[in-house]
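Step one of this worksheet: look at the structure below.
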Amino acid sequence: MKVGFIGTGSMGSLLIDTFLRSGALEPCDVMASNRSPGRLMELKKLHPGITICSGNIEAASESDLVLLCVKPLQFKRVTDEIAPYLRSDQIVVSITSPVQLYHLESALPSKVAKIIPSITHSVRGGSSLCIFGSRLNKKDRLLLLQLFSCIGVPEEIPENHTRIASDFSSCGPAFLSYFLERWIEAAVEATGIDEALVTRLAGEMLLGTGKLLTEGSFTPQELQERVAVRGGITAQALNHLQTSLEGVFERLITTTHDKYDEDVEKLDELFGLGSIAQSRLDR
């Protein structure tokens, strides 16, 4: 199976690297296109054997599965460019959350899906969010699920939960890293503990906590209750967090959703689908 990657920026190159390292794909399976020839040459040096395409049309027309790894507002230009060269039996996957299935199905003759990856795939962890278009059959869905299961845990979700699910699976590593960064900075300043040491401790703690939630059958609340003995140090610190973080997560969700809605609105305008989007909201 030939897999074309249109766009080899941060996430496109991460996916190529991880699929190859996992053994899910061989270099001869990969076709890549990018507006920057220099980036493609760097990719070729890292992964000899992949095919560097002359442009998006070659990557799209010569592949069985095409991953669109470009920014939201570049989608209309890319879909206009490749649509005449696609076949109905091909699968095109967007990895960009604001791009809706109705955008893709209105612009492309192929089968379409949306799969939102995570930086955690680089260590073969985390979840990929799978939203399947109406033209995909059972075999197509299985192919995508099997491919992405090689680099993480694919989760099928309804499209209207794309943003909130992405807050956890895709944005979550940045949010948690920021929390840890501030905590580590405060620890170093207050006590003089070695920063590299406390960073390792924080990473191992985060890894172990994830396993307790996914493999240990704990809920977040149960985990807190297990660790925080009444009247103890952890319980007192948790009370401080509860007070200090009041409303923070609600505002976080509002912020990501507002930006998402703004991007979807701009895409509706680019694809000329304002009326379709409004009819979906009215239902």
Side-chain angles (χ1 to χ4, degrees), residues 1-32 34 39 42-51 63-70 91-97 113-132 140-157 161-162 164-181 196 199-218 220 223:
M1 177 178 69
K2 293 290 186 181
V3 182
F5 293 82
I6 294 180
T8 58
S10 177
M11 188 53 71
S13 59
L14 182 150
L15 287 173
I16 290 172
D17 180 68
T18 308
F19 279 131
L20 291 174
R21 284 192 292 108
S22 72
L25 298 175
E26 297 294 332
C28 60
D29 299 326
V30 174
M31 307 188 72
N34 191 285
R39 188 179 289 272
E42 291 174 10
L43 198 61
K44 181 79 169 178
K45 288 179 183 177
L46 286 173
H47 304 293
I50 68 171
T51 300
S63 299
D64 305 294
L65 170 63
V66 183
L67 274 70
L68 300 182
C69 309
V70 299
I91 302 174
V92 174
V93 174
S94 161
I95 69 162
T96 308
S97 63
K114 183 161 69 173
I115 299 181
I116 313 304
S118 169
I119 192 173
T120 54
H121 296 339
S122 63
V123 290
R124 297 175 69 176
S127 298
S128 51
L129 308 177
C130 304
I131 305 102
F132 298 125
D140 299 325
R141 293 178 182 222
L142 185 60
L143 182 150
L144 292 173
L145 290 172
Q146 288 178 335
L147 178 63
F148 278 84
S149 69
C150 295
I151 61 172
V153 180
E155 295 281 356
E156 187 172 355
I157 64 167
H161 287 164
T162 301
I164 190 61
S166 296
D167 283 353
F168 289 88
S169 65
S170 299
C171 302
F175 298 154
L176 288 180
S177 294
Y178 177 76
F179 182 90
L180 289 178
E181 179 190 21
T199 299
R200 286 199 305 274
L201 293 175
E204 290 295 339
M205 174 275 297
L206 199 59
L207 181 63
T209 301
K211 288 184 176 180
L212 286 171
L213 293 173
T214 57
E215 301 173 16
S217 300
F218 280 95
L223 195 49

Worksheet entry | Parallel, tilted or perpendicular: rings of Phe19 and Phe148 (30°, 60°) |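 Judged by the thresholds at 30° and 60°, the geometry between Phe148 and Phe19 is perpendicular.
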With distance as the sole test, does [X] use its side chain to make a donor-acceptor pair with the main-chain N or O of [Y] at under 3.5 Å?
| X | Y | value |
| --- | --- | --- |
| Ser149 | Gln146 | yes |
| Ser118 | Ser169 | yes |
| Ser170 | Pro117 | yes |
| Lys2 | Cys28 | yes |

Worksheet item: Please walk me through it: do Ser63 and Val3 pass side-chain contact (heavy atoms from CB on, under 4.5 Å)?
Response: CA-CA 5 Å; Ser63 299; Val3 182; 6.0 Å; no
Hey, are the side chains of [X] and [Y] touching, using non-hydrogen atoms and a 4.5 Å cut-off?
| X | Y | value |
| --- | --- | --- |
| Ile131 | Ile157 | yes |
| His47 | Val30 | no |
| Asp17 | Ser122 | no |
| Leu65 | Leu147 | yes |
| Phe132 | Leu144 | yes |
| Ile95 | Leu15 | yes |
| Leu20 | Ile50 | yes |
| Thr96 | Leu68 | no |

Worksheet item: What residues form a side chain to side chain contact (heavy atoms under 4.5 Å, CB included) with Glu42, not counting sequence neighbours?
Response: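 Glu42: no side chain to side chain contact (heavy atoms under 4.5 Å, CB included) contacts found.
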Fill in: Crowding at CD1, Ile119 (>12 non-hydrogen neighbours, <6.0 Å)
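No.
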Fill in: Within 6.0 angstrom of Phe218 CZ, more than 12 heavy atoms from elsewhere
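Correct, the count exceeds 12.
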Once you round to the nearest 0.5 Å, how far does [atom1] of [X] lie from [atom2] of [Y]?
| X | Y | atom1 | atom2 | answer |
| --- | --- | --- | --- | --- |
| Leu206 | Lys211 | CG | NZ | 12.0 Å |
| Arg21 | Ile151 | CZ | CD1 | 10.0 Å |
| Leu14 | Thr120 | CG | OG1 | 9.0 Å |

